[in-house]
Structure formats: structure tokens, C-alpha cells
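Written below as C-alpha cells is the structure these notes are about.
Index from 1, following the sequence. Values below: every heavy atom of this structure, side chains too, minus hydrogens, waters and symmetry copies. Fair warning: this is a prediction, and the values are worked out from it, not measured in the lab.
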Amino acid sequence: MASAAESFTPLLLISSLLIASWFCATEAKSTVPVVQGLSWTFYQSSCPKVESIIRKQLEKVFKKEIGQAAGLLRLHFHDCFVQGCDGSVLLDGSASGPSEQDAPPNLTLRARAFEIIDDLRERVHKECGRVVSCSDILAIAARDSVYLSGGPDYDVPLGRRDGLNFATRNATLDNLPPPFANADTILSSLAAKTFDPTDVVALSGGHTIGISHCSSFTDRLYPTQDPTMDKTFANNLKGICPASDSNSTTVLDIRSPNNFDNKYYVDLMNRQGLFTSDQDLYTNKKTRVIVTSFAANQSLFFEKFVVAMIKMSQLSVLTGKQGEIRSSCSVRNSGSSYLESVVEEGFKALSELI
């Protein structure tokens, strides 16, 4: 029979994690301003159960497929960074052109992640009617992906509207730094979106869960090995990706690939970051001390990650009467068109000139 001390230890650990998670959420709320049109209690009257519906369903999904947590988190990142958190990455292509999904950085987004979002949309709309946007559902799902993988829990400001058009291929390429980008490139790119170096390093910690195709990192293995990569780590990767055009996959974080924790930063300190964009965060003097601090203090990482995520989730959001609430996340509502959105934008620009 377990002693009282042995029984108490797990309870103490769980309590500590809950307190740390609560602190992250409280600190973030007081630190990050909420964009006009969004609110911490946006659906309190119109769909009070929206977050519980999403979390309960994702608990079931992740119990069978924990890898989908990373897929949903990545989907949210790729939505927000391009033209704001408007659910445009969820749109299929149309006569007006190819979708964001067809751009090179998005070709490896998980098909199952799109299916999960539309399933969540169907469940939420069945409960509340068409009042919750796909972009809000994606933001909540990304948060729950973090939490249900072992990361911090936090509130998400809601009230986003869904975009009427998707970004061009060039806009997608310009706004999603590739895995071969160095730290200076990433810092410069995200500074334009008001992220500071701490935000950048914290958001990169999303790579503590998930997988990557060989094509995203074999430039570090062939024709010669990147000297910043640990030799044993490199040899193991060569076994998975025996040629530069290999199409296998491997985990992003070799220490705890399915747990949202700070082990990603420990990987970087041991020269075991998978991408150049990962490892260079430790090589670069501007970000090295931040990586080290997160590797040593998981609570600090969680705190800064939550702040950065709430900032990211509000990038160029549509609110009020802008955009729409899609009845299907992959297509615009009947009557909505890319042309209409372009005309509206043109009139707005014209009025500002007059």
C-alpha cells in the first residue's frame, strides 16, 4: 500500500501545474491588450458552451491521435502569420485562384487537421447556430492542443470573423519564414508584426510537439553536415533520411515529441535542433540567453509562450461586420465572393483618400 507521502506527491505536482497554468493565464490577461472588437467573454450569451464543446471533443481525438495536436497548432500559426487570424488557410481554392493550402509552406499541413476543425464547427453550430466563426474555433483548438499536450491553459480573446478571400502564393511565402531561415531573418520578419525576440523564441517552442518531412532539413545533412548539428544526431537523421530527396518524417523534439514542455530548448543547447531556424536561435547572440532561460525554467517558457500566442491570435483580425461567419470552414458562404471583398477594400481605400 502506498504511503501517505507517496500519495501526496502526485497531488502536489498536479496542484503546482494548475497553479502555474493559472498564473500564466492571469499574467497574460493583464499584459496583452485585447484588440477592439474581441472580448474574453464574447460568446457568453450567444454560445456559452463553445469552449467546453471543443475541449471535450479534442480530448477524445487526442486520446486516439495525440499527433493531431501539433497539426492544429501549426494550422493556427499558418493562418495568423499570413494575412491575419481570419481562417483563410481553411478555404479551398476556387475559380479566383489557388488557395493558401496550395502554397509550398502549407503543402505539409495535415489533412486531418482541416477535418477536425470542420467537425468542431459542425458540433458548435449544432449547439448554437451559426454564431461562432471558424477562425475562433481554430484559435480555441490551438489553445486546447497546447493544454491537452501538457502545456499551459489560458484564455483566448474571441470575436474573430472569417475572411472572404485567401492570400496569394507570394504573400504566403513572404509571411512564413522557411525552416532554413536563420535567426536574424526570423527576428526581422516577426518584428514587422510587433513580436520581440522573447516572443519569437517562445513561439518557436511550438516545435516541442510535431513532426517534419526530411525535405525541411536535409540541406543540413547533404552534401555536407551542418557543423552546428551534433554528429550523433546527424547520423541518426541520415538513417531516417538516407538521401536529400527522402520523404520520410521524424519528430521535431527528440526528448519528448508528444509532450508540450521546454525540452525543445534543451535540444537546442545540445545542438539537436532539427531546422536551421531552430538551432540558430541558440547560435545567435541575440536569442541564445532566451533559449537558455527557457531550457532552465519551464514555467518561464509557458508564461512567455502564452503572452506571445495571445498576441499572435489577434493579428489583423476581422471583427464586427467585417468578413462573415462561415457555414462551412472550407468555403465562403453563398453570396460572398473574392470580387466583393476586393471592391469593398477598394471603396474603403478610396474613401480614405477623399
Side-chain angles (χ1 to χ4, degrees), residues 35 37-38 70-94 96-111 113-114 116-118 121 133-143 145 156-157 159-181 185-195 199-200 202-204 206-207 210 212-213 216 275 277 308-319 322-324 326 329-332 336-338 341-342 344-345 348-349:
V35 170
L38 299 186
L72 290 169
L73 181 59
R74 186 173 180 231
L75 194 57
H76 184 47
F77 271 65
H78 282 227
D79 182 40
C80 293
F81 278 140
V82 177
Q83 63 176 21
C85 309
D86 64 349
S88 58
V89 73
L90 303 173
L91 287 170
D92 291 335
S94 66
S96 65
S99 71
E100 290 175 35
Q101 298 168 32
D102 297 315
N106 292 334
L107 293 176
T108 53
L109 291 174
R110 299 192 190 199
F114 291 94
I116 291 170
I117 292 298
D118 214 47
R121 187 271 315 156
S133 66
C134 294
S135 47
D136 269 350
I137 290 171
L138 179 53
I140 296 169
R143 184 271 314 275
S145 296
V156 179
R160 297 165 192 76
R161 303 269 292 180
D162 296 322
L164 299 177
N165 60 288
F166 35 74
T168 64
R169 174 190 172 101
N170 285 343
T172 304
L173 287 167
D174 289 344
N175 286 281
L176 291 173
F180 53 81
T185 298
I186 296 171
L187 289 170
S188 176
S189 174
L190 296 193
K193 302 181 190 297
T194 72
F195 292 108
D199 294 326
V200 173
L203 289 174
S204 297
H207 284 174
S212 170
H213 288 79
S216 294
F275 303 151
S277 59
M309 279 295 288
I310 294 175
K311 287 172 67 173
M312 186 193 77
S313 75
Q314 300 184 84
L315 285 174
S316 302
V317 292
L318 303 176
T319 61
Q322 298 172 314
E324 64 183 7
R326 291 187 209 133
C329 291
S330 60
V331 294
R332 293 182 291 266
S336 299
S337 70
Y338 173 75
S341 68
V342 170
E344 288 175 4
E345 290 171 3
K348 181 180 178 182

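- The side-chain contact (heavy atoms from CB on, under 4.5 Å) search around Thr108 returns Arg74, His213, not counting sequence neighbours.
- Every residue two or more places apart in sequence or in another chain that forms a side-chain contact (heavy atoms from CB on, under 4.5 Å) with Ile140 is listed here: Val50, Glu51, Ile54, Arg143, Asp144, Leu158.
- Evaluation of the side chain to side chain donor-acceptor pair (under 3.5 Å) rule for Ser145 yields no partner, not counting sequence neighbours.
- Partners of Asp79 according to the side chain to side chain donor-acceptor pair (under 3.5 Å) rule, which considers only residues two or more places apart in sequence or in another chain, do not exist here.
- A donor-acceptor pair under 3.5 Å is absent between the side-chain atoms of Ser189 and the main chain of Ile186, judged by distance alone.
- Under a 3.5 Å cut-off, the side chain of Lys193 and the backbone N or O of Leu315 do not form any donor-acceptor pair.
- Atom CG of Leu72 and atom CZ of Phe77 lie 12.5 Å apart (nearest 0.5 Å).
- Scored by the side chain to side chain donor-acceptor pair (under 3.5 Å) test, Asp174 finds no partners at all (sequence neighbours excluded).
- Between the side chain of Asp136 and the main chain of Ser133, no donor-acceptor pair closer than 3.5 Å is present.
- Side chain of Arg160 to backbone of Ser313: a donor-acceptor contact under 3.5 angstrom is found.
- Looking at residues two or more places apart in sequence or on another chain, you find a side-chain contact (heavy atoms from CB on, under 4.5 Å) between Thr172 and Val82, Glu100, Ala103, Pro105, Asn106, Ala167, Leu176.
- Scanning for side-chain contact (heavy atoms from CB on, under 4.5 Å) contacts around Ser216 gives Pro179, Ser212, Phe275, with sequence neighbours left out.
- Rounded to the nearest 0.5 Å, atoms CG (Leu91) and OG (Ser99) are 8.0 Å apart.
- Of all heavy-atom pairs between Arg326 and Asp162, the closest is N-OD2, 3.0 Å.
- Comment: Lys311 engages Asp199 in a salt bridge, judged by a side-chain N to carboxylate O separation of less than 4.0 angstrom.
- The ring-ring contact (aromatic ring centres under 6.0 Å, His included) check on His76 picks up nothing, with sequence neighbours excluded.
- If you take CG on Leu138 and SG on Cys329, they are separated by 8.5 Å, rounding to the nearest 0.5 Å.
- In this structure, Leu90 CG and Asp118 CG are separated by 8.5 Å, a value rounded to the nearest 0.5 Å.
- Thr185 is linked by a side chain to side chain donor-acceptor pair (under 3.5 Å) to Asn182, counting only residues two or more places apart in sequence or in another chain.
- Ser135 and Gly87 get closest at one heavy-atom pair: CB-N, 3.6 Å.
- Expressed to the nearest 0.5 Å, how far CG of Asp92 lies from CZ of Phe166 amounts to 9.0 Å.
- Looking only at distances, a side-chain donor or acceptor of Gln101 sits under 3.5 Å from a matching main-chain atom of Val89.
- A distance-only check finds a donor-acceptor pair linking the side chain of Gln83 to the backbone of Asn165 [under 3.5 Å].
- A donor and an acceptor atom, one from each side chain of Ser88 and Asp86, are located under 3.5 Å apart.
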Inset, instruction - Starting from the C-alpha separation in whole Å, work towards a yes-or-no answer on side chain to side chain contact (heavy atoms under 4.5 Å, CB included) for Thr319 and Leu38. - result: CA-CA 7 Å; Thr319 61; Leu38 299 186; 3.8 Å; yes
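- Within the 3.5 Å criterion, the main-chain N or O of Leu164 finds a donor-acceptor partner in the side chain of Arg332.
- Atom CG of residue Leu109 and atom CG of residue Leu75 lie 6.0 Å apart, to the nearest 0.5 angstrom.
- In this structure a side-chain-to-backbone donor-acceptor pair under 3.5 Å is present from Arg161 to Gln322.
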